[in-house]
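Have a look at the structure below before the remarks.
Note that the coordinates shown come from a computational prediction; the quantities given were computed from them, not determined experimentally. The residues of the chain are indexed from 1 along the displayed sequence.
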Amino acid sequence: MSLIDISGNLLYIAFFCYLIGTFLFSGAIKEKNDTAASRAEKFGKVAIIVTIIGFISHVAYFITRWIYTGHAPVSNMFEFTTAFGMFIVLSFIVLYYMYKVAALGVVALPIALLIIAYAAMFPTEVSPLVPSLQSHWLTIHVITAALGQSILAISSVAGLVYLLKNVNTKVRSFESIAFEMVMFFGVLVIGFVVATSTFSAMNYEAKFEYVDTLDKVSEVTYTMPAIFGMNEYKELSEDKMTPIKAMPALIDARKLTTVFWSIIFGSALYLLIRLVFRRSVSSMLQPLVKRVNSQLMDEIAYRSVLIGFPVFTLGALIFAMIWAQVAWSRFWGWDPKEVWALITFLYYAAFLHLRLSKGWEGKKTAWLTVIGFLIIIFNLVVVNLVIAGLHSYA
């Protein structure tokens with residue numbers, strides 16, 4: 001067995017440990033009386049041990065892949081996203097030992113699982129680095145940015161737990177509808193995994209020629225039926241679906257097609273859940289957090305932003321500008337990824353301003369952390385997948 005195979009197996013072990021950890025943490029927050037509280041404490045201890053075993057396996061995956069490839073495994077979507085999931089678990093473990101709140105694990109670990117599952121949908125092959133990536137500043141920039149984003153993600157985990165506890169899902173209101181939309185967004189991520197797995201099992205493949213942003217003729221392979229066509233495309237495969245709409249060169253139509261199918265599959269899955277259980281997703285999850293301390297969740301959400309914001313600023317802006325100078329001889333170029341990194345920075349700067357000067361706490365803070373995480377995910381999914389730019393490596 002080669003080193004890259006061992007690395008892949010270690011990632012599988014981490015995935016299943018996180019899955020088991022999620023169920024154990026769920027058992028740890030179901031206490032109803034003193035006797036059950038003791039049993040729940042034992043569940044919590046076992047849950048964090050299993051999670052740490054998974055994290056160690058995840059780190060081992062990262063190191064073995066680094067040794068095999070000869071460079072930090074953060075150079076494409078698969079590698080970056082798995083690293084992002086790893087840092088989320090690290091942030092959760094640190095916070096768990098600070099606050100001992102099992103409910104955080106019930107939300108944080110499923111998010112890490114979805115992110116790893118999302119990563120697994122991208123090509124896992126090792127490929128040589130393009131010239132612009134051959135710099136130590138890439139490693140420093142990407143790892144620091146991923147770490148900052150993971151800490152900010154934990155703030156949204158605390159915010160989600162707060163909202164699950166405090167939003168009245170039994171009354172139809174703007175707030176309850178908005179919160180259910182957040183749950184719907186989570187189901188769409190599962191839809192992406194289901195859509196990719198389905199077409200992969202069918203061995204679907206269609207090749208096209210197209211004209212890229214540099215007016216060069218390139219070739220692209222679709223792994224899902226083409227809804228959107230690349231710029232000035234020409235079909236190379238027979239008996240495959242013809243794109244319904246051609247997109248300009250700025251848009252990566254292949255990845256936009258992936259987003260489209262993810263929405264279709266995710267929406268169908270969400271409707272199925274509603275039909276089977278006849279309840280909203282948020283109301284189904286609410287019993288899991290009924291014993292949570294809301295004030296503590298608010299504090300965790302705020303402190304996570306306090307720590308994550310400067311780390312993100314260093315990684316996604318300052319170190320990124322240094323790398324950009326090394327790679328392209330300029331600090332800033334208004335590339336879509338750079339623009340959204342700046343938007344994320346400004347958003348969390350506004351968050352801290354509203355918290356410190358306007359006294360925004362409770363639900364306001366919780367909603368801000370959730371919206372902030374949606375911005376991070378938009379940057380990870382839409383900006384990387386749909387909009388063509390200098391960062392479109394995957």
Side-chain angles (χ1 to χ4, degrees), residues 74-88 91 108 111-112 114-119 121-122 132-133 138 140-157 159-160 181-182 185-186 188-189 191-193 250-252 254-256 258-260 262-263 266 304-305 307-321 323-324 327 332-352 367-394:
V74 290
S75 61
N76 57 40
M77 280 294 286
F78 168 74
E79 294 175 345
F80 174 79
T81 312
T82 51
F84 183 36
M86 181 177 72
F87 287 129
I88 286 180
S91 303
I111 288 177
L114 282 175
I115 286 174
I116 295 171
Y118 173 70
M121 300 301 108
F122 294 100
S132 61
L133 300 183
L138 169 76
I140 298 169
H141 148 55
V142 177
I143 289 180
T144 312
L147 180 61
Q149 287 180 330
S150 68
I151 301 172
L152 294 172
I154 290 296
S155 75
S156 70
V157 169
L160 273 172
M181 288 299 295
V182 173
F185 181 80
L188 289 187
V189 179
F192 168 78
V193 176
L250 179 65
I251 303 296
D252 189 327
R254 176 176 64 93
K255 295 175 179 176
L256 180 61
T258 302
V259 172
F260 174 85
S262 301
I263 292 173
S304 298
V305 175
I307 299 169
F309 178 69
V311 177
F312 174 81
T313 303
L314 275 174
L317 290 180
I318 297 176
F319 293 159
M321 286 193 285
W323 171 49
W332 191 264
W334 298 107
D335 182 70
K337 193 74 174 177
E338 295 171 321
V339 171
W340 277 95
L342 179 62
I343 290 172
T344 307
F345 166 82
L346 293 174
Y347 178 84
Y348 281 102
F351 172 99
L352 291 175
W367 275 114
L368 287 177
T369 59
V370 171
I371 294 170
F373 186 60
L374 292 178
I375 292 174
I376 289 173
I377 293 299
F378 180 86
N379 198 352
L380 179 66
V381 178
V382 179
V383 177
N384 276 335
L385 294 189
V386 179
I387 303 174
L390 293 173
H391 289 73
S392 300
Y393 302 115

ask   = Looking only at heavy atoms, what is the nearest atom pair of A316 and A341, with distance?
value =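 Closest approach of A316 to A341: O-CB, 4.0 Å.
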note = F309 and A349 have their tightest heavy-atom pair at CE1-N, 3.6 Å
request  = Would you please name every residue forming a side-chain hydrogen bond (donor to acceptor under 3.5 Å, both in side chains) with Q149, sequence neighbours left out?
outcome  = none
task = Kindly write out the residues that satisfy side-chain hydrogen bond (donor to acceptor under 3.5 Å, both in side chains) with S150, not counting sequence neighbours, or none if the list is empty.
result = S91
Distance check, rounded to the nearest 0.5 Å: [X] atom [atom1] versus [Y] atom [atom2]?
X    : Y    : atom1 : atom2 : answer
T81  : N76  : OG1   : CG    : 8.5 Å
L114 : I88  : CG    : CD1   : 10.0 Å
F260 : I263 : CZ    : CD1   : 8.0 Å
L160 : T369 : CG    : OG1   : 7.0 Å
Y347 : L342 : OH    : CG    : 15.5 Å
T82  : M77  : OG1   : CE    : 10.5 Å

ask   = Can you say whether the rings of Y348 and F351 are parallel (under 30°), tilted (30 to 60°) or perpendicular (over 60°)?
value = tilted
ask   = Using 30° and 60° as the class limits, which term best fits the ring planes of F378 and W340: parallel, tilted or perpendicular?
value =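 Tilted, since the angle between the ring planes falls between 30° and 60°.
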query = Can you tell if the side chain of L188 reaches within under 4.5 Å of the side chain of F192, non-hydrogen atoms only?
reply =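 The answer is no, as the side chains (C-beta and beyond) never meet within the 4.5 Å cut-off.
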Side chain to side chain, T144 and F312, heavy atoms closer than 4.5 Å = no
